[in-house]
2 protein chains.
Amino acid sequence: MPLDPLSSTFAALADPTRRAILARLALGETSVMELAKPFDMSLPAISKHLKVLEHAGLISRGREAQWRPCRIAPASFKEVDGWLGNFRRFWDESFNRLDGLLEEMKAEEAAKAPPRSNRKVRVQKEKQRGRTRG
Amino acid sequence: MPLDPLSSTFAALADPTRRAILARLALGETSVMELAKPFDMSLPAISKHLKVLEHAGLISRGREAQWRPCRIAPASFKEVDGWLGNFRRFWDESFNRLDGLLEEMKAEEAAKAPPRSNRKVRVQKEKQRGRTRG
DNA sequence: CGGTTAAATAACCTTTGGGTTAAATACGCC
DNA sequence: GGCGTATTTAACCCAAAGGTTATTTAACCG
């Protein structure tokens, strides 16, 4: 019984070896052998980790002769970030528009500048991201 | 052998029941009974899920008479987002400064405006977040 | 005190996960 | 074709995860 995609992705991220592999891949596409080097672990174990990451949509794999170069796949990262966005207001104090407005007001106060007229509160776009801060 | 904090957090998020609980808590603090209602699952099972979430730092629990109200705890969410930030450039095309600059240039080109002098690229603050978009 | 409600713990079961070693597959090269 | 390198698959092991029911703890209420 396969998990829903988001669960698979989070599960894949819940292992330090796999996160280290992703960190390595953030530096650029590379082979399984290369990925395996830093770890005191058998090659099949790495192979399994890669399968988990691939199944989770976090990496994709090409074919070049006998190598299967791995690279970061963006989609699932984006899914995770999107889900996380539902909670951003709990920890990013400048996240919601009201806060943003208040902080702008404070900033103006601090700068002792006269109030400006066409000051606008920026609207959120695309599911909780893309706001100006500070 | 306890997992590192980030692994515990991702593992906690890798279950749809637990994510649903968090989604409910995003609406506000509530009791275990209340949280359990939507699920076709025994109360001890929910209790275990809550323990996992608490251990992962995703919720905290108070005491009010015989109730233990649960609420979202921000810190671990922030940790996850911070980690995710290392990969943001892979899927948020407006994330990195060079892209931002290029897009501004394109926008200016499109507007057929003369080049402006004190146009500045905004600097990233606080680990991969807080950029202006568009 | 005794009863009722809220929640956690204990003991247990079954499935999944992460690791191993040994064998198989895929491809390039001489 | 046969060899060597890269990678996956198979078979197995043990620990951890997610669920259950039965029992226990905690707090209010009358």
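Proteins come first, then strands; the chains are lettered A, B, ... in the order of their sequence lines, and each starts at number 1.
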Please round to the nearest 0.5 Å and tell me the distance separating atom [atom1] of [X] and atom [atom2] of [Y].
X	Y	atom1	atom2	answer
Leu84(B)	Trp91(B)	CG	CH2	6.0 Å
Lys48(A)	Asp15(A)	NZ	CG	12.5 Å
Arg19(A)	Leu53(A)	CZ	CG	11.0 Å

Interatomic distance, [X] [atom1] vs [N] [atom2] [rounded to whole Å]:
X	N	atom1	atom2	answer
Leu3(B)	dG19(C)	CG	P	11 Å
Asp15(A)	dA17(D)	CG	P	12 Å
Trp67(B)	dA8(C)	CH2	C1'	17 Å
Leu43(B)	dA26(D)	CG	P	17 Å
Lys51(A)	dT25(C)	NZ	C1'	13 Å
Gln66(B)	dA27(D)	CD	C1'	5 Å
Leu35(A)	dT8(D)	CG	C1'	15 Å
Ile21(B)	dA7(C)	CD1	C1'	14 Å

Looking at [X], does any N or O in its side chain come under 4.0 Å of the phosphate oxygens OP1/OP2 on [N]?
X	N	answer
His49(B)	dG19(D)	yes
Arg61(B)	dA7(C)	no
Arg63(A)	dG28(C)	no

Same cluster (ILVMFWY, side-chain, under 4.5 Å), Trp67(B) and Leu43(B):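 No, because Trp67(B) and Leu43(B) fall into different hydrophobic clusters, even though each may have its own neighbours under 4.5 Å.
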
Applying the 4.5 Å side-chain criterion to the ILVMFWY set and letting contacts propagate, would Val52(B) and Phe39(B) be lumped into a single cluster?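 Shared cluster, no.
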
Go through the N and O atoms of the side chain of Lys48(A) and the base of dG17(C), and report whether any donor-acceptor pair is under 3.5 Å.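 By the distance-only test, no, there is no pair.
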
Which one, [options], comes nearest to the side chain of [X]?
X	options	value
Thr17(B)	dA8(C), dG19(C), dG19(D)	dG19(D)
Pro44(B)	dG18(D), dT7(D), dT9(C)	dT9(C)
Ala65(B)	dA8(C), dT20(D), dC28(D)	dC28(D)
Arg68(B)	dA8(C), dA26(C), dT9(D)	dA8(C)

Please tell me which of Ala11(A) and Glu64(A) maps to the more 5' nucleotide of DNA chain C, matching each residue to the nucleotide holding its nearest heavy atom.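 It is Ala11(A) whose nearest nucleotide is closer to the 5' end.
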
On DNA chain C, compare the nucleotides closest to Ser47(B) and Val52(A); which residue's is nearer the 5' end?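 So the residue in question is Ser47(B).
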
